[in-house]
2 protein chains.
Amino acid sequence: MGRSSKATPSTRSPKKPRQARDPEATKAQILNAAEEEFARHGLSGARMEAIAAGTGVTKAMIYYYFENKEQLYQAVLQRPANELLDAIKQLPLDDLSPEKALEMLVRGAIAHEAAHPYQQMILFQEASQNRGKYFEKAGWQAPFAYLLKILERGMADGTFRPVDPWLTAINIAGVCNFYFTTYDNVKHLAPDWDFRNPAMVERHTQEAIAFILAGVKRQT
Amino acid sequence: MGRSSKATPSTRSPKKPRQARDPEATKAQILNAAEEEFARHGLSGARMEAIAAGTGVTKAMIYYYFENKEQLYQAVLQRPANELLDAIKQLPLDDLSPEKALEMLVRGAIAHEAAHPYQQMILFQEASQNRGKYFEKAGWQAPFAYLLKILERGMADGTFRPVDPWLTAINIAGVCNFYFTTYDNVKHLAPDWDFRNPAMVERHTQEAIAFILAGVKRQT
DNA sequence: GTCTATACTGCGATAGAC
DNA sequence: GTCTATCGCAGTATAGAC
């Protein structure tokens, strides 16, 4: 049984019109299509044919730009770490109170995830399939470090209750992520909801911020 | 490129000694091995050969007990929903205050996940690959309903602040899950930690309970 | 830079002996 | 009930034309 025969086919929008002979655009389009395919199926499960179909080029083209499947995967895995870090660096976290900084970081992280939902899914696939082997190289320490720093600053000035910074950072990341990674399951439990809807994402953002801030703040 | 050549090989403990000609035991062993393989690779990515190797029987045996890969997958997906629900039903939730009931439910859910870490991973694979197509049938409404009920009870009697029950339930589930599902990635960021260690799981449990309760309780 | 055609391998599934 | 052997297709990767 191949995937194509029984598994749910991808509903990714079919080939977008492409500029012929535009190397940079072609490369970016390959990465975009690969991002969804790897997010859904991981390194071993992804099909080069499916990536080609989503891009509108042939398989041979992908092998021309990226040596092989593994290197394409690594290129895809690299992007989100850089992008999220760049987004975080824009935020004036050090100038804000720990509370405000945490709120802004959570808002930024969720906004980023809403714009790039496949990036979080890839990280999970990477953990499941490859046990973080490729994750290591992609530089995810940095975003985490910002979160840890805020938590420690808040504990130091007494606005946050005493917590284990690592475990709490993981819990916070879980709140930000789970809404998106569980979407395709939960939609069946609450069929009238559209979790990708921007208004819904905004409600999630507000609930998440309220939940997380209440979760770490010292009782007054 | 096949998975076996480049991807990280499974480190699942090799074939356990089996009782020959014990149908029920054989069937259960197949389900156990299949649970890990499907958790790591999902329906399409899982390899029947790998499941056979993890079980200690041949591929043909699996086809004898389960018609095909898809039906084996559905059987594996069914188990956790039933088991978690049974565990929850043991808890005297209705006799407790919303606060105590939530604490007990979270503790029970995390204990269950620690004992069956692959079950949560399968749910994610199911969402990613199949968009919840098979999830639907497995009856996950019930565990969620218990959580929703507690939240609503707590809001009604004023011990919890006003929250969106669905979004908050998802956030709570995220806190319980993320520790386990992200383990294989995060271990590279904090290499000296052993997240599967029981003492570590207990710390996670306590941090999660404190975080979640603080997150939903009304400020006093 | 982009395509078509194809070599070679991995894997789901089955046949048939014991 | 359990095994070995094998069929047939699906999927990675490449060769070579334009």
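Each chain gets a letter, A, B and so on, in the order the sequences are listed, and its residues count up from 1.
For C:dG10, the OP1/OP2 oxygens have no side-chain nitrogen or oxygen of B:Arg47 closer than 4.0 Å. OP1 or OP2 of C:dC3 sits under 4.0 Å from a side-chain N or O of A:Thr58. Phosphate proximity of D:dT2 to B:Tyr63: absent, as no side-chain N or O sits under 4.0 Å from OP1 or OP2. OP1 or OP2 of C:dT2 has at least one side-chain nitrogen or oxygen of A:Tyr65 nearer than 4.0 Å.
Remark: P of D:dG11 and CD1 of A:Ile62 are 14 Å apart, rounded to the nearest angstrom. Atom-to-atom, CG of A:Leu72 to P of D:dG11 comes out at 17 Å; the value is rounded to the nearest Å. Nucleotide C:dG12 holds its C1' atom 8 Å from the NZ atom of B:Lys69, rounded to whole Å. Atom CG of A:Asn68 is separated from atom P of D:dG11 by 18 Å (rounded to the nearest Å). Atom-to-atom, CE of A:Met61 to C1' of D:dA13 comes out at 15 Å; the value is rounded to the nearest Å. For the pair B:Phe66 CZ and D:dG1 C1', the interatomic distance rounds to 14 Å; values are reported in whole Å. One can place NZ of A:Lys27 at 10 Å from P of C:dG1, the figure rounded to the nearest angstrom. In this entry the distance linking OH of B:Tyr64 with P of D:dT2 reads 8 Å, nearest Å.
Residue pairs satisfying the salt bridge (charged side-chain N to carboxylate O under 4.0 Å, His left out) criterion with at least one member in residues 194-204 of chain B, sequence neighbours excluded, are listed as follows: A:Asp164-B:Arg203, B:Arg107-B:Glu202. Evaluation of the salt bridge (charged side-chain N to carboxylate O under 4.0 Å, His left out) test over residues 51-64 of chain A, restricted to residues two or more places apart or in two chains, returns A:Glu49-A:Lys59. For residues 177-187 of chain A, the pairs satisfying side chain to side chain donor-acceptor pair (under 3.5 Å) are A:Gln120-A:Asn177, A:Asp184-A:Lys187, with sequence neighbours left out.
Partners of B:Glu126 under the side chain to side chain donor-acceptor pair (under 3.5 Å) rule, at least two apart in sequence or in another chain, are B:Tyr73, B:Asn130. For the salt bridge (Lys or Arg N to Asp or Glu O under 4.0 Å) test, no residue two or more places apart in sequence or in another chain qualifies with B:Glu83.
The C1' atoms of five pairs define one axis at each end of the helix from C:dG1-D:dC18 to C:dC18-D:dG1, and these two axes lie 0° apart (to 10°).
At a cut-off of 3.5 angstrom, the base of D:dG11 holds no donor-acceptor pair with the side chain of A:Lys59.
Distances were taken from every side-chain heavy atom of A:Val57 (C-beta onward) to each of C:dG12, C:dC3, C:dT2; the shortest belongs to C:dC3.
With B:His204 as the partner, the ring pair (Phe, Tyr, Trp, His ring centres under 6.0 Å) test is satisfied by one option alone out of B:Phe180, B:Phe178, B:Phe211, B:Phe195: B:Phe180.
B:Tyr134 and B:Gln74 are not linked by any side-chain donor-acceptor pair at a separation below 3.5 angstrom, with hydrogens and angles left out of the test.
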